[in-house]
Amino acid sequence: MKYVITVIVFFGMISCGENVKSERIISKNNAETAEAAKQFPKLDSSRYNVAFLIMDGVYNTELTAPYDIFQHTIFRENIKAMNVFTVANTDNTITSFEGLRIIPDFNYLTDRIPKIDILVVPSAEHHLDTDLDDEAMLDFIRKTDKQATFVTSHCDGAFVLAKAGVLEGVVSTTFPSDIDAMKAMFPHLDIRKDVLFVHDGKYITSAGGAKSFEAALYLCEFLYGKEIAQSLAGGLVIDWNLNTVPHTVIQK
């Protein structure tokens, strides 16, 4: 009888082991299936790649204003238009400060990110506090900064650029009521008041809000000329005249 019991237990142990092994195989297969199922945007290699860095608490306007301007370049002829896409530190849905839910195009922690020509850093709810401790995000910005042609921020996105160290020796601006806070946090930086945006080298920082449209239109005028910029503005029913927009361009 003892022999029979031992055999039963032995086979029970084998059965349990097989179940664990099967669960592991299923789990692995599910992960591989999920990875294979992820859909990445199709990027036209003849265009600029423009990445928008998003996270929970991102503000709608600072994201959608430049996104709208840049995306509409694909409807203009004889220019190098822009691919626009979002990057985040997750595959999960991002929820903006106002409640808009967004599925990121790329996860910069796990995905192979295409070369980024223009990085856009919209403002987010915690850009003055906890986001500044996110070393993975700051490292992503530093890495992208090395290859990007332009790095732009809107509103408090400038705090993130400053924390990443990419604004060293660069003139910048931010949301008007946060300028003093930025100066206190980064006293060695040259931060300007009374302007809607500053262009210094590859960096364009803006006051944000609805004026994020102006900073984006400025970059388009810089890249494509006045006529294209006015055409893009007209398509969104925006009166655009660079001469009437308070801004600073640092000549080097």
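- Shown here for H199 and F222, the closest heavy-atom pair between the two residues is CE1-CE1, 3.7 Å.
- In terms of heavy atoms, Y224 sits closest to K80 at OH-O, 2.6 Å.
- No donor-acceptor distance shorter than 3.5 angstrom exists from the side chain of D200 to the backbone of I250, with no hydrogens or angles considered.
- The hydrophobic cluster containing Y48 does not contain I116, counting ILVMFWY residues as joined when their side-chain heavy atoms lie under 4.5 angstrom apart, directly or transitively.
- Judged purely by atom type and a 3.5 angstrom limit, D111 has no side-chain atom pairing as donor or acceptor with the backbone of I113.
- Scanning for salt bridge (Lys or Arg N to Asp or Glu O under 4.0 Å) contacts around R142 gives E135, D139, with sequence neighbours left out.
- Using a 4.5 Å cut-off on side-chain heavy atoms (C-beta onward), T61 and K211 make no contact.
- No donor-acceptor contact under 3.5 angstrom links the side chains of D133 and T130, judged on distance only.
- Residues E62 and C155 come closest through the heavy atom pair OE2-CB, 3.5 Å.
- The main-chain N or O of D68 is found under 3.5 Å from a side-chain atom of H72 such that the two form a donor-acceptor pair.
- By the criterion of side-chain heavy atoms lying less than 4.5 angstrom apart, applied directly or through intervening Ile, Leu, Val, Met, Phe, Trp or Tyr residues, I69 is grouped together with L196 in one hydrophobic cluster.
- At least one side-chain heavy atom of M185 sits less than 4.5 Å from a side-chain heavy atom of L132.
- For the atom pair D156 CG and L161 CG, the distance stands at 11.0 Å (nearest 0.5 Å).
- A donor atom on one side chain and an acceptor atom on the other are not found under 3.5 Å apart for W240 and E214.
- In the hydrophobic clustering, Y59 connects to F97, either directly or through intervening members, whenever side-chain heavy atoms lie under 4.5 Å apart.
- Checked for salt-bridge contact, D117 and K115 meet the test: a charged N lies under 4.0 Å from a carboxylate O.
- Taking CD1 from I54 and OG1 from T86, the interatomic distance works out to 4.0 Å, rounded to the nearest 0.5 Å.
- With contacts defined as side-chain heavy-atom distances shorter than 4.5 Å, the pair Y203/V171 does not qualify.
- The main-chain N or O of D44 is found under 3.5 Å from a side-chain atom of N83 such that the two form a donor-acceptor pair.
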Trace of the side chain to side chain contact (heavy atoms under 4.5 Å, CB included) decision for M182 with L167:
CA-CA 12 Å; M182 187 171 174; L167 293 183; 4.2 Å; yes

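- Closest heavy-atom contact between F106 and P41: CE1-CG, 3.7 Å.
- One N or O on the side chain of T73 and one on the backbone of M82 form a donor-acceptor pair closer than 3.5 Å.
- One side chain, R76 or S231, offers a donor N or O that lies under 3.5 Å from an acceptor on the other.
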Evaluate the side chain to side chain contact (heavy atoms under 4.5 Å, CB included) criterion for residues F75 and L232: first the C-alpha distance (whole Å), next the side-chain angles of each, then the deciding distance (0.1 Å), finally the verdict.
CA-CA 9 Å; F75 303 113; L232 292 167; over 6 Å; no

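- Under 4.0 Å is where a charged nitrogen must lie from a carboxylate oxygen, and between K183 and D190 no such pair does.
- Under the ring-ring contact (aromatic ring centres under 6.0 Å, His included) criterion, F197 pairs with Y218, H247, not counting sequence neighbours.
- Between H154 and P66 there is a side-chain heavy-atom pair separated by less than 4.5 Å.
- Under the 4.5 Å side-chain criterion, counting only non-hydrogen atoms from C-beta, H126 is in contact with D129.
- Taking CD from E125 and OG from S96, the interatomic distance works out to 10.5 Å, rounded to the nearest 0.5 Å.
- Interatomic distance, E98 CD to T64 OG1, rounded to the nearest 0.5 Å: 8.5 Å.
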Quick one: do L223 and F150 satisfy side chain to side chain contact (heavy atoms under 4.5 Å, CB included)? Show the steps, please.
CA-CA 11 Å; L223 290 173; F150 292 98; 3.7 Å; yes

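- I204 has its side chain out of reach of V198: every pair of non-hydrogen atoms, C-beta onward, lies at least 4.5 Å apart.
- Side-chain contact between L53 and V120 is absent, with no heavy-atom pair separated by less than 4.5 Å.
- Both L219 and V84 are assigned to one and the same hydrophobic cluster, defined by single-linkage of ILVMFWY side chains at heavy-atom distances under 4.5 Å.
- A 4.5 Å side-chain heavy-atom check between L119 and V50 finds every atom pair outside the cut-off.
- How far CG of N107 is from NZ of K38: 5.5 Å, rounded to the nearest 0.5 Å.
- V160 approaches L138 most closely through the heavy-atom pair O-CD2, 3.8 Å.
- Side-chain heavy atoms closer than 4.5 Å link hydrophobic residues (I, L, V, M, F, W, Y) into clusters, and following such links, even through other members, never connects V245 to V195.
- Crowding of I103 atom CD1: a count of heavy atoms from other residues, nucleotides or ligands under 6.0 Å not exceeding 12.
- One hydrophobic cluster holds both I191 and V166 under the rule that ILVMFWY side chains link at heavy-atom gaps under 4.5 Å.
- Taking CE of M55 as the reference point, atom CG of N89 lies at 7.5 Å (rounded to 0.5 Å).
- Residue T173 comes nearest to R192 through the heavy atom pair OG1-O, 2.8 Å, listed as atom of the first residue, atom of the second, then distance.
- Taking the ring centroids of F52 and F85, they lie at or beyond the 6.0 Å cut-off.
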Take K163 and D134 through the test salt bridge (charged side-chain N to carboxylate O under 4.0 Å, His left out) and record every step on the way to the result.
CA-CA 10 Å; K163 183 66 174 182; D134 187 341; over 6 Å; no

